[in-house]
S.K.: 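Questions regarding the structure given below will be posed in turn.
All values below come from the heavy atoms of this structure, side chains included, with hydrogens, waters and symmetry mates left out. Numbers restart at 1 for each chain; the letters A, B, ... are given by sequence-line order, proteins then strands.
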Amino acid sequence: MRRWAESLLVPIAVMAVTWPLAWFTTDASWRWPSAAVLAAMALTGATLRSLRRPRWQTIAIQTAVMLAGIAVVASRLVDDLPPDVERPGVWGVRHAVELVAGGIETIQTYAVPAPVTPGLLFVVLAGIVVLAWCVETVALTLRRPVLGALPLLAVAVATASNTGRPLAPWYFLITAAAWLGVLALQNLERVHHWLGTPTGAQPIDPTGVRTGVRQHLNLAQHTAAVALVAALALPWALPHLPPAALVGGFGGVGSERSGSASGSGSVRFTDTLDVAADLADRSDAPVIRYSSELAAPPPLRVLTTSSYADGQWRPDAVSQLSDALPPEPEGLGEDVPLRDGRITVMENNVAAPQLAVPPLAVAIDLGRTSWAYDLAIDAVSVDGAVDDYEVDYAQIDVRETLPAGVGDPGSDPDRPRFDDAVLDVDPVSELMVRDLADQIVGDATNQIEIAQALQGFFRGPTFTYSLTLAPPVQESGEPLDPISHFLVTRQGYCTQFATAMVMMARSQGIPARLALGFLPGEPQDDGSWTVVASNAHAWPELYIDGLGWTRFEPTPAEQAGAAPAYPIPQSDSDVAETPETQAPEEVPEDDPDVSDAASDDDSGSGATDSSTALWTALGRALLVVAALALLLTVAPAIGWWYRSGPRRRARTSAERIEAHWHALVAGLRDLGVGAPGAITPRQAHAHYVAALGGDDPVVTTTLARITGALEDTRYAAGGGDEAGVAEAVQTVLRRHRRTLGRARRLRVALLPRSAWPIGRSIPGTGASDRQEPPSSTMSPLRVEATG
Amino acid sequence: MRPRLTARGHGFLALGVATVVVGASLGFPDVTRIGALLAVLPALAMLLAWLGRPRLAVTRQITTGLAFSGHRVGVALVVTAAGRRRSAPLLAEERLDRRLGPPRRCHLPRLRAGAQVIVPYDVQAQTRGRHVLGPLAVFQHDPFGLISSGQWLSGTSEVLVLPRVVPLERQAAGAGGQRNDGVIAPAMGTRGEDDVTVRDYRAGDEIRRVHWASTARRGELMVRQEEQPRQRRAVVVLDTRDTVFGLPDDAFEWAVSATASVIDHLDRSGWMVHLVTADRLDDGAERPVSSQDALRHLALIEPRRGDEPRLASVARGLAESGGLVVVIAGDDDPEHIGRLTAVRRPGATGVMLVLATQSFDGTSVPEATDAESAALLRMSTDAGWRGALVRRGDDIAQVWRETVSTSAVSVPSSAPAAVRS
């Protein structure tokens with residue numbers, strides 16, 4: 001019965017821990033086939049274990065069942081492949097290879113959530129099945145439940161750290177409860193077999209077994225319940241650093257949608273993680289509620305970034321914190337018509353240190369919360385949670401025409417020198433981006449004209465706004481990079497539109513960057529505005545001479561609303577708004593080196609990388625493992641520091657011998673051999689010989705060598721001979737260590753007693769007992785249990 | 001033992017704390033949760049073990065009366081919850097003197113304060129002596145294997161296992177008695193004056209003993225109860241010299257068992273028995289001993305250095321006034337046998353059982369040695385004792401029967417050397 005129960009618990013745990021994988025895919029059609037294969041494996045395993053078949057048999061048969069299950073699924077999935085895909089002639093391996101290749105391609109091509117292609121379905125399903133096989137084999141067949149939990153732990157950590165938001169507690173609860181169930185059931189074997197253990201003991205209450213087992217099971221249930229509740233409560237009560245703090249460069253989700261339809265998984269802005277995580281958690285709740293003086297408030301910007309590489313936007317490394325807003329927005333001409341606006345935020349769920357504010361903020365009132373302004377990325381950084389705040393801002397008054405000269409390259413004598421980041425075009429897609437941009441822009445030279453031409457291109461009828469990206473397109477056997485893919489398929493969401501426009505603008509010599517934040521949201525009946533998770537948005541900001549960083553909106557109106565218009569004095573441009581090309585003071589910065597950085601579209605920021613996403617996931621898991629490993633070294637390091645302390649400080653030969661003695665006493669103490677009392681070296685020798693069993697002549701003589709040197713050091717006129725003492729100490733420790741069990745040795749290595757201040761005071765070492773006469777009675781031998 | 005974390009417990013705790021730190025530092029509450037579970041489990045297990053630590057009082061009762069060697073002894077283990085809290089379910093192991101068999105194991109259910117659980121069990125006492133029952137070791141079982149906790153509950157009990165008693169045939173002892181008071185008296189003693197006492201008829205009573213008057217009065221068969229006019233005296237001497245007996249020693253056990261059987265037999269037959277052993281010379285030998293007391297004494301008797309001349313003189317003193325003398329002795333010392341031979345008063349019956357101790361070692365005994373033992377026996381049989389040379393495997397009842405039922409001395413085994421006086 002127990003074997004059936006534990007066999008049932010493993011698939012439950014596996015399904016629960018892999019359930020959140022659905023977050024990475026558009027649907028979860030892999031669940032039921034996986035569950036079916038898992039059930040078949042569990043049934044086989046339980047039957048074989050109940051029949052007490054040899055372990056190798058159980059493992060072999062279960063492996064066969066697993067492979068058969070995978071093969072059946074593979075053969076069915078191959079039928080779903082598009083007809084143009086070459087059918088593998090042989091049922092079996094080739095199917096699987098074909099499918100895995102397809103799955104990997106999907107992962108590499110698509111953003112999260114990836115469409116569930118047959119290949120991806122197969123890869124996910126096979127992964128789950130193999131995971132279940134590992135867990136079941138190790139935990140149940142080989143009866144190592146703790147070891148068997150490691151694969152589960154790895155998957156849990158990977159999903160937890162990659163979804164970028166806290167998972168619902170159910171996944172943890174179900175997985176943990178199931179695993180605790182396995183642990184408890186296996187542990188019950190001791191209770192169950194208590195009466196009939198091979199020690200020869202005789203049972204005296206055969207009727208008590210059932211009661212005993214039941215009561216122990218009850219105890220296990222209650223303990224597990226309390227532990228699970230505590231495990232849920234503790235993280236809730238424990239302050240967590242923002243994920244960005246340590247996982248620099250990783251961790252966010254796409255800026256576009258943090259919910260199930262989040263943007264490409266590869267757009268990972270560390271700094272957006274908080275936003276996304278928070279929003280995702282409360283996707284139904286408003287993220288921000290505010291009132292606005294103006295009827296059409298601008299989007300709320302959280303941060304900007306200029307760094308795009310390998311299909312991924314990354315936070316800018318440069319930071320330039322200031323405790324005040326810039327006196328006037330960078331690059332904004334004095335005669336640009338402005339309107340003043342103010343938003344009053346009444347509810348804010350954007351996690352600190354981020355804050356959503358309109359661009360061109362001129363005054364920020366956060367009450368008592370202190371804040372800083374990062375001039376490099378035009379973002380506000382707050383010290384603590386802010387529930388309500390006020391921001392005064394300026395907005396270009398589009399009802400009036402902009403002054404002449406705005407947007408003409410070189411018209412702004414104060415234009416700052418930009419570094420390459422804002423002009424770098426993604427090299428992979430550069431050719432396509434530059435060609436296309438050149439076509440669109442034609443001979444326009446005014447930056448606003450160029451920008452509006454690009455904006456009009458993206459908002460044109462050829463582009464489709466969709467949260468799902470088009471299937472991968474191959475070019476000479478390789479899937480296209482994300483930006484090219486977007487430009488070819490013309491389907492995507494704000495991240496792709498914004499990234500592509502940024503790259504095109506850069507290709508035309510206009511500095512451009514990506515801004516992340518929120519669309520203005522929906523007006524409510526009471527006049528306030530409510531921003532929800534799905535209002536998260538990305539848009540390009542171009543540096544226009546005379547205007548500074550200016551927002552454009554390539555994303556189609558259905559999602560992003562009307563495009564901002566910047567009416568420039570009449571020009572020849574063909575762009576919708578009336579741009580006027582002002583005489584350039586300089587040649588447009590069409591420096592090919594700079595602008596040639598191909599624009600890369602960033603269907604991208606997302607799709608680019610599922611491979612990157614995979615590596616990111618692995619990297620993050622590795623980081624967690626590395627951090628754990630680092631922590632595990634703390635106690636050994638402290639112990640080593642303590643044991644070798646006197647050796648480091650020793651200057652004279654006598655001090656060094658005493659130091660070696662100290663190391664020996666502390667080392668043996670770590671190994672469970674109690675220190676001798678304050679006694680003479682000879683008595684200490686006797687003590688250790690007795691405590692170490694005395695049956696190893698090497699130990700006995702080596703010990704004599706050490707204690708002899710010690711005795712000479714302390715009492716003889718000439719002092720002791722330190723030659724070989726250090727090696728002797730190592731020999732004794734090594735030989736005794738060998739006699740211990742593996743678990744004990746591991747414990748000594750990881751948690752040496754000398755790492756703890758308590759119980760470190762070791763009598764018999766150092767000078768404290770040097771003057772004492774040899775005590776007449778020896779302290780009782782104390783060999784600590786080696787348990 | 002106070003609860004201690006097992007290696008797994010330590011591992012959980014360390015890994016849990018580390019994981020919590022990592023989770024909190026990296027900002028992954030899901031990771032923190034995992035760590036919290038790992039860290040909380042051992043802590044919780046410790047707490048539960050501490051709260052449910054057993055406070056139990058243990059007593060034991062022997063439920064089968066006297067415990068004879070080779071027989072089943074029933075023990076009732078009574079465990080009472082003495083603490084104020086409910087105890088945790090426990091795994092219990094009753095340690096036993098190894099001569100009583102392997103330890104016994106059971107489950108102890110959760111016990112409310114004051115509640116009691118009785119666990120009955122049997123032991124097979126193979127050897128006589130005082131054997132220890134207990135202590136009871138209890139182990140708290142942690143559901144997840146994170147702590148180990150066990151303790152010995154103070155309190156042991158003893159069971160006194162009496163020597164094996166072989167029923168000796170009554171008829172054998174009484175066979176000659178009817179005819180000859182000087183040999184071995186009948187069970188009911190010599191015929192004396194009938195008393196008026198009557199008792200219920202028992203199967204086997206002679207019809208002529210029916211007391212018709214009482215039968216008529218009571219409406220059921222009554223027989224005359226004959227009062228014993230006097231009690232016959234028997235002196236049983238057990239040789240316990242450690243020069244001839246060791247421990248454990250099958251020969252000595254045979255001697256003790258035979259002594260016990262003889263005393264039991266004589267006591268049942270109404271004899272007043274004196275048990276003379278080296279350790280009773282100063283205290284007890286002069287007083288008649290009941291079968292039970294003798295068995296108790298014999299249960300604990302061990303070979304010892306003895307004062308042989310005094311043993312013989314005390315025995316002789318007791319046998320002075322006549323009566324039966326039974327001597328069970330080793331075969332090493334002619335002088336000792338000689339002294340014991342002198343215990344019997346002329347005319348009284350003496351039964352001398354000499355153990356061929358070397359044969360009890362299980363090795364083949366050289367013929368010469370066997371002849372020496374037989375010669376020793378002959379010393380007493382020549383002096384008028386009934387005697388037998390006892391070898392390994394000899395049945396006590398048979399030896400006794402053959403020794404007392406014949407006027408001749410025999411070596412009642414299949415040994416070739418039958419000795420006749």
S.K.: A/V146 versus chain B, heavy atoms under 4.5 Å apart: side chain, backbone, both or neither?
M.R.: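 Side chain of A/V146 only, per the 4.5 Å heavy-atom cut-off to chain B.
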S.K.: Using non-hydrogen atoms only, which part of A/A629 is less than 4.5 Å away from chain B: side chain, backbone, both, or neither?
M.R.: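 Neither part.
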S.K.: Which one of B/L77, B/V40, B/L96 has the most heavy-atom pairs closer than 4.5 Å to chain A?
M.R.: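 Max contact count across the listed options: B/V40.
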S.K.: If I take atom CG from residue A/L232 and atom OG1 from residue B/T32, how far apart are they, to the nearest 0.5 angstrom?
M.R.: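 Output value for this atom pair is 12.0 Å.
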S.K.: Crowded around A/R143 CZ? As in, over 12 foreign heavy atoms under 6.0 Å?
M.R.: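 Count over threshold, so yes.
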S.K.: Please classify the contact between A/A743 and chain B as side chain, backbone, both or neither, with a heavy-atom cut-off of under 4.5 Å.
M.R.: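 A/A743 touches chain B through side-chain heavy atoms alone.
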S.K.: Report yes or no: does A/W194 contribute a side-chain atom to a donor-acceptor pair with the main-chain N or O of B/A92 at less than 3.5 Å?
M.R.: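 The answer is yes, because a donor-acceptor pair under 3.5 Å joins these two groups.
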S.K.: Let me confirm one number: the CG-CG distance from B/D30 to A/L167, rounded to the nearest 0.5 Å.
M.R.: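 Atom-to-atom, B/D30:CG and A/L167:CG are 4.0 Å apart.
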S.K.: Supply the atom-to-atom distance B/R110 CZ to A/R214 CZ, rounded to the nearest 0.5 angstrom.
M.R.: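 Reported value, rounded in 0.5 Å steps: 11.5 Å.
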S.K.: Name the region of A/L228, side chain, backbone, both or neither, that has any atom closer than 4.5 Å to a heavy atom of chain B.
M.R.: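 Both parts, backbone and side chain.
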S.K.: As an exercise: rank B/T6, B/V20, B/V31, B/I34 by heavy-atom pairs under 4.5 Å with chain A and give me the winner.
M.R.: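 Sorted descending by pairs with chain A, the first entry is B/I34.
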S.K.: With a 4.5 angstrom heavy-atom cut-off, could you sort out which part of A/L219 is near chain B: side chain, backbone, both or neither?
M.R.: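 Both the backbone and the side chain of A/L219 come within 4.5 Å of chain B.
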S.K.: Would you say B/L41 and A/L180 make side-chain contact, with heavy atoms under 4.5 Å?
M.R.: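 With C-beta onward as the side chain, the pair touches.
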S.K.: Taking all non-hydrogen atoms of both residues, which atom of B/V22 and which atom of A/L631 are closest, and how far apart?
M.R.: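 Closest heavy-atom pair between B/V22 and A/L631: CG2-CD1, 3.7 Å.
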S.K.: At their closest point, which heavy atom of B/F144 faces which heavy atom of A/A220, and how far apart are they?
M.R.: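 Of all heavy-atom pairs spanning B/F144 and A/A220, the closest is CZ-O, 3.7 Å.
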S.K.: If you count the non-hydrogen atoms of other residues, nucleotides and ligands that lie under 6.0 Å from CZ in B/R95, is the total more than 12?
M.R.: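 Check passes, neighbour count above 12.
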S.K.: Would you kindly check if the NZ (Lys) or CZ (Arg) of B/R33 is within the cone defined by 45 degrees around the ring axis of A/Y171 and under 6.0 Å from the six-membered ring centre?
M.R.: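 Pair B/R33/A/Y171 does not count as cation-pi.
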S.K.: Please confirm whether the backbone N or O of A/V191 pairs with a side-chain atom of B/H107, one donor and one acceptor, at under 3.5 Å?
M.R.: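 Side chain of B/H107 to backbone of A/V191, a donor-acceptor pair under 3.5 Å: yes, one is there.
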S.K.: Quick check: closest heavy atoms across B/D142 and A/N187, and the distance to 0.1 Å?
M.R.: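 So the two residues come closest at O-ND2, 2.8 Å.
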S.K.: Go through the atoms of B/V17 and report whether side chain, backbone, both or neither lie under 4.5 Å from a heavy atom of chain A.
M.R.: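 For B/V17, there is no contact with chain A at all, as no heavy atom is under 4.5 Å.
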S.K.: Say you draw a straight line from CG of B/L37 to CH2 of A/W179; how long is it, rounded to the nearest 0.5 Å?
M.R.: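 Between atom CG of B/L37 and atom CH2 of A/W179 there are 7.0 Å.
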S.K.: Rounded at 0.5 Å granularity, tell me how far CZ in A/R747 sits from NE2 in B/H10.
M.R.: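 Taking CZ in A/R747 and NE2 in B/H10, the distance rounds to 5.0 Å.
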S.K.: If you tally heavy-atom pairs under 4.5 Å against chain B, which of A/P145, A/P169, A/A233 wins?
M.R.: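 It is A/P169.
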S.K.: Among B/P89, B/P109, B/A36, which residue forms the greatest number of heavy-atom pairs with chain A at distances under 4.5 Å?
M.R.: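 Going by pairs under 4.5 Å, I would pick B/P89.
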S.K.: For B/R86, I'd like to know if atom CZ has over 12 heavy atoms of other residues, nucleotides or ligands within 6.0 Å.
M.R.: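 Check passes, neighbour count above 12.
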S.K.: Taking side chain as everything from C-beta outward and backbone as N, CA, C, O, which of these in B/L91 sits under 4.5 Å from a heavy atom of chain A? Side chain, backbone, both or neither.
M.R.: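 Its backbone and side chain both get close to chain A.
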S.K.: How close do B/Q140 and A/R190 get, counting heavy atoms only, and between which atoms?
M.R.: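 Scanning both residues completely, I find the closest heavy atoms to be O-NH1, 4.3 Å.
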S.K.: Against chain B, work out which of A/L153, A/L183, A/L238 has the most heavy-atom pairs shorter than 4.5 Å and name it.
M.R.: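 Among the listed options, the one with the most contacts to chain B is A/L183.
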S.K.: Which one of A/A156, A/A176, A/A227 has the most heavy-atom pairs closer than 4.5 Å to chain B?
M.R.: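 Of the candidates given, the most pairs with chain B belong to A/A227.
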